[in-house]
Amino acid sequence: MPELPEVEAYRSVAEAVVGRRVRSVSAPDPWYVKGASPADAAAALAGRTVTAARRHGKLLVLDTDGPHRLGLRFGMTGTLVVDGEPALERLRYGPARLDPGWVRFELDFARRGRLAVHDPRRLGGVSLDPDESVLGPDAATVSVADLGAALAGSAAPLKARLLDQARLAGVGNLVADEVLWRAGLAPGRPAGSLAPDEIRGLRRVLVATVAELCRRGGSDAGDLFVHRRPGGRCPRDGTGLARATVGGRTTWWCPSHQR
DNA sequence: CCGGATGTTCACCT
DNA sequence: GAGGTGAACATCCG
């Protein structure tokens, strides 16, 4: 999915519906609505006005003037479509087209327009009043102290820790590889083994990389991305990239400069 | 035809 | 308890 940069792009586009009043809610796929029935979700949102479009990690939250808010998760293939326009065109594993059968959830607004989630693989989902307290600090703005706390005392691979949304919210597989490559840190390093200056460096690279990927418009816009394939070489020093599963995800890194 | 792919969750191991 | 693995979700692409 969309990792943090994509969801931030979705959030930006979703700002267009702030101030609009929900006329009706369509949830053709009940399975996609988590923790509440489609009827309950519809009742909670109908007639309410969207007051903010926020992002926490990979979670997009629409606040309302009522007692409820809406959380949207996009899985790997979810695309946000506002007023018929996809929020991001180049979603790599997203829908190749906007098949109406892939609309899993939709808000229709009173005066005009609509906000829909298209998700072919149904890996995402929407929820009423999502519990944001289970998410760690947002990767775009995490402090050195919070990042240090997320890594401290763990024998788990550094990358696995970065991907743990409860400890740090927003980093996905591509962003993790890009950040570790830029920071010169091996993904398999025990998370708790980083020295204070390494944590400071990682934090600086993380925040800068996330901001840059947001500007470039996607987590696939990193400098490492095009090289993470068989035969790929490190764009910094030409070393053949290593590939392994770390934290349950395919991981590419430079065995020469990432230590 | 087969294997993987920007994610999350859960059951089941070690 | 902490981590790891594999499955599941459903589709596309090489």
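Throughout, a chain's letter reflects where its sequence line sits, starting with A, and its residues are numbered from 1. Note that the structure is a prediction, hence the values are computed from the model and not measured. Quick note: numbers below take in every heavy atom, side chains included, and nothing from hydrogens, waters or symmetry partners.
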Taken to the nearest whole Å, CE/A:M76 to P/C:dC13 is 15 Å
Of the options C:dG3, C:dC9, B:dT8, whose atoms approach the side-chain atoms of A:Q165 most closely? B:dT8
Kindly list each side-chain donor-acceptor pair under 3.5 angstrom involving residues 41-50 of chain A, sequence neighbours excluded, with atom names and distances?
none

Regarding A:T250, tell me which of base, sugar-phosphate or nothing describes its non-hydrogen contacts under 4.0 Å with the strands shown. sugar-phosphate
Considering only atom C1', compute the distance from C:dG3 to B:dT6 and round it to an integer number of Å. 23 Å
With a non-hydrogen cut-off below 4.0 angstrom, is A:P157 in contact with a base, only sugar-phosphate, or nothing? sugar-phosphate
Can you tell which of C:dC9, C:dG3, B:dG7 lies closest to the side chain of A:R122? C:dC9
Can you check the distance between B:dT8 and C:dG1, where both ends of the measurement are the P atom (answer in whole Å)? 24 Å
Considering only C:dA10, B:dG7, C:dG4, which nucleotide approaches the side chain of A:R121 most closely? C:dA10
Ignoring hydrogens, what is the shortest heavy-atom contact between A:L128 and A:D40? Give both atom names and the distance. CD2-O, 4.1 Å
Under 4.0 angstrom between A:W102 side-chain N/O and C:dT11 OP1 or OP2: yes
If you check every side-chain atom of A:P120, which of C:dT11, C:dC9, B:dT6 has the closest atom? C:dT11
Between P of C:dG1 and CG of A:D164, the distance in whole Å: 17 Å
Interatomic distance at P, C:dG6 relative to B:dG3, whole Å: 14 Å
Donor-acceptor contact below 3.5 Å, side chain A:R20 vs main chain A:A16: yes
Does C:dG3 have OP1 or OP2 under 4.0 Å away from a side-chain N or O of A:R161? yes
Can you check the A:D119 CG to C:dC9 P distance for me, whole Å? 15 Å
Distance check needed: B:dG7 C1' versus A:Y10 OH, whole Å only. 13 Å
Whom does B:dT6 pair with, Watson-Crick or G-U wobble, provided both distances fall under 3.5 Å? none
Mark yes or no for whether A:D119, through its side chain, and A:L123, through its backbone, hold a donor-acceptor pair below 3.5 Å. yes
Does A:R228 reach a base, just sugar-phosphate, or nothing at all? Heavy atoms under 4.0 Å. sugar-phosphate
Verify the contact: side-chain N or O of A:K58 to OP1 or OP2 of B:dG7, cut-off strictly under 4.0 Å; return yes or no. yes
Can you tell me the distance, in whole Å, between the CG atom of A:L180 and the C1' atom of B:dT6? 15 Å
How far, in whole Å, is B:dC2 from C:dA7 if one measures between their P atoms? 15 Å
Where do A:D83 and A:R114 land on the salt bridge (Lys or Arg N to Asp or Glu O under 4.0 Å) test, with the steps shown first? CA-CA 5 Å; A:D83 298 336; A:R114 57 198 192 282; 5.9 Å; no
So, OP1 or OP2 of B:dG7: does either fall under 4.0 Å of a side-chain N or O from A:R249? yes
Is the backbone of A:R69 close enough, under 3.5 Å, to the side chain of A:D129 for a donor and an acceptor to pair up by distance? yes
When both hydrogen-bonding distances must be under 3.5 Å and the geometry is Watson-Crick or G-U wobble, what is C:dA10 paired with, if anything? none
